[in-house]
Amino acid sequence: MFQKVLLAYDGSEHAKRAAQLAQAIALKFGAELRVVTAFNPISRLLGNPALEQAIQRETTQANTSAEEIAAELRAAGLDPHIEVLEGPPADAVLRVAETRQSDLIVMGSRGLGNAAALFLGSVSHKVLQSAECPVLIVK
Ligand code: ATP
Ligand code: MG
């Protein structure tokens, strides 16, 4: 039923739980699993070399986070692809889902933000609203 599962991962506890579910689904359906981690756009007004350094720093941090979960997924027998992108996170998740033709997006209801009163974070809200494939949101 699912062949291309996309896990949106920001390192949060919710995203870790989403990863467990994405893992189980990918194993169950023999699906390809992709992990996307985005970092917020860095102002081009910075100018070099500060701009290059900032991009490097954010890329490394996002890569480390994605690699951590990828290691767990590998240990479970999967061979996840990793995508680290600069951009507003919801747009990045939606773009990867579209270009990679994902048929399921798995993500947490909340993330690293601290607006505790909200049930859905802004990223899960926007992805749920705009995605063209089913979205599984983990509470
Ligand atoms: P907000 O960011 O609006 O303050 P929040 O951080 O609590 O709120 P979201 O950011 O919407 O909530 O996080 C919900 C889920 O979206 C996360 O569990 C994760 O699956 C995904 N997500 C959030 N940020 C990113 C990101 N930068 N890259 C990839 N996935 C992300
Ligand atoms: Mg967030």
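Each residue takes its place number in the sequence, starting with 1.
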Peer 1: Under a 4.5 Å side-chain heavy-atom rule over Ile, Leu, Val, Met, Phe, Trp and Tyr, are Leu7 and Val127 clustered together?
Peer 2: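 Different clusters: Leu7 never reaches Val127 through Ile, Leu, Val, Met, Phe, Trp or Tyr contacts under 4.5 Å.
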
Peer 1: Write down the atom of Asn48, the atom of Leu51, and the distance for their closest heavy-atom approach.
Peer 2: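 Closest heavy-atom pair between Asn48 and Leu51: OD1-CB, 3.6 Å.
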
Peer 1: For a quick test of your reading: what N or O donor-acceptor pairs under 3.5 Å do the side chains of residues 14-22 make, sequence neighbours left out?
Peer 2:
| from | atom 1 | to | atom 2 | distance (Å) |
| --- | --- | --- | --- | --- |
| Arg17 | NE | Lys139 | O | 3.2 |
| Arg17 | NH2 | Lys139 | O | 3.0 |

Peer 1: I need the full list of salt bridge (charged side-chain N to carboxylate O under 4.0 Å, His left out) pairs touching residues 55-64, with sequence neighbours left out, sorted by first then second residue.
Peer 2: none

Peer 1: Just grab all the side-chain hydrogen bond (donor to acceptor under 3.5 Å, both in side chains) pairs involving residues 120-137, residues at least two apart or on different chains.
Peer 2: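 Every pair satisfying side-chain hydrogen bond (donor to acceptor under 3.5 Å, both in side chains) with a residue in residues 120-137: Asp91-Lys126.
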
Peer 1: Under the 3.5 angstrom rule, does the side chain of Thr37 hit a backbone N or O of Val84 as a donor-acceptor pair?
Peer 2: no

Peer 1: State which residues pass side-chain contact (heavy atoms from CB on, under 4.5 Å) with Glu86; sequence neighbours excluded, sorted by chain then number.
Peer 2: Phe39, Pro41, Ile42, Arg44, Ile55

Peer 1: For residues 98-120, tabulate all N or O donor-acceptor pairs below 3.5 Å that involve a side-chain atom, not counting sequence neighbours.
Peer 2:
| from | atom 1 | to | atom 2 | distance (Å) |
| --- | --- | --- | --- | --- |
| Thr99 | OG1 | Arg95 | O | 2.9 |
| Thr99 | OG1 | Val96 | O | 3.4 |
| Arg100 | NE | Glu83 | OE2 | 2.7 |
| Arg100 | NH2 | Glu83 | OE2 | 3.3 |
| Asp103 | OD1 | Gln3 | N | 3.2 |
| Asp103 | OD1 | Lys4 | N | 3.0 |
| Asp103 | OD2 | Gln3 | N | 2.8 |
| Asp103 | OD2 | Lys4 | N | 3.4 |
| Ser109 | OG | Val138 | O | 3.4 |
| Arg110 | NH1 | Ala115 | O | 2.9 |
| Arg110 | NH1 | Leu118 | O | 3.2 |
| Arg110 | NH2 | Ala115 | O | 3.3 |

Peer 1: Could you pull out all donor-acceptor pairs under 3.5 Å where a side-chain atom in residues 65-78 meets a protein atom, sequence neighbours excluded?
Peer 2:
| from | atom 1 | to | atom 2 | distance (Å) |
| --- | --- | --- | --- | --- |
| Glu67 | OE1 | Arg74 | NH1 | 3.3 |

Peer 1: Write down the atom of Ala54, the atom of Leu46, and the distance for their closest heavy-atom approach.
Peer 2: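 Shortest heavy-atom separation between Ala54 and Leu46 comes out as CB-CD1, 4.1 Å.
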
Peer 1: Looking at CG of Leu128 and CG of Leu136, how far apart are the two atoms once the value is rounded to the nearest 0.5 Å?
Peer 2: 10.5 Å

Peer 1: Table please: side-chain donor-acceptor pairs of residues 23-33 below 3.5 Å, with sequence neighbours left out.
Peer 2:
| from | atom 1 | to | atom 2 | distance (Å) |
| --- | --- | --- | --- | --- |
| Glu32 | OE2 | Arg34 | NH2 | 3.4 |

Peer 1: Count I, L, V, M, F, W, Y as connected when their side-chain heavy atoms are under 4.5 Å apart, and connections chain through other members. Are Ile137 and Phe2 then in the same cluster?
Peer 2: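 Different clusters.
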
Peer 1: Is there a path of hydrophobic side-chain contacts, each under 4.5 Å between heavy atoms of I, L, V, M, F, W or Y residues, that connects Val5 with Tyr9?
Peer 2: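 As far as the 4.5 Å side-chain criterion goes, Tyr9 and Val5 are connected within one cluster.
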
